[in-house]
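Heads up, the thing below is written out as structure tokens.
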Amino acid sequence: MSQDQPPPDPSTPEPTNDTPPETIDAPRAVSPLKTQTVRALRTTIRGLERLVERLEAEPDPGAAGSDFLPTLTSTANGVWEQLRTSWQRIQAWWTTVLARI
């Protein structure tokens, strides 16, 4: 009696006649643009997470003696400064890349 074979794994590419087997598992080189984009996004995420932590730690905005607005403004300015710095680095890198093209 024939035994059923498990279905092939869809994440594993099957070699074709025009693709050499050694290139199927070869790692791809990561482009500098992708690396910088990921770095900028991670920086943005960290800044936003810190902002959320600070906002969650703040007392109720309606409470007497609350300095919620100045703290919020200060935190938002800090996050904006981080984003602006990251964006300036990306722009400088991109200008360098475009100059080489």
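Positions are given from 1 along the sequence. Just so we're clear, the structure is a prediction, and the values are computed from it rather than from any experiment.
Rounded to the nearest 0.5 Å, atoms CD (E53) and CG (L48) are 11.5 Å apart. A distance of 11.5 Å separates CD in Q82 from CG in N77, rounded to the nearest 0.5 Å. In this structure, CZ on R54 lies 4.5 Å from OG1 on T75, to the nearest 0.5 angstrom. Taking CG of L41 as the reference point, atom CZ of R46 lies at 11.0 Å (rounded to 0.5 Å). The CH2 atom of W93 lies 8.0 Å from the OG1 atom of T35; values are rounded to the nearest 0.5 Å. Rounding to the nearest 0.5 angstrom, the gap separating the OG atom in S31 from the CD atom in Q36 is 10.0 Å.
The two atoms that bring T43 and S86 nearest to each other are CG2-OG, 3.4 Å, heavy atoms only. Across I90 and A40, no two heavy atoms sit closer than the pair CD1-CB, 3.1 Å.
One finds a salt bridge joining E81 and R84 here, because a Lys/Arg side-chain nitrogen approaches an Asp/Glu carboxylate oxygen to under 4.0 Å.
Side-chain contact between L83 and T44 is present, with at least one heavy-atom pair separated by less than 4.5 Å.
Under the 4.5 Å side-chain contact rule for hydrophobic residues, L98 and L33 share a cluster.
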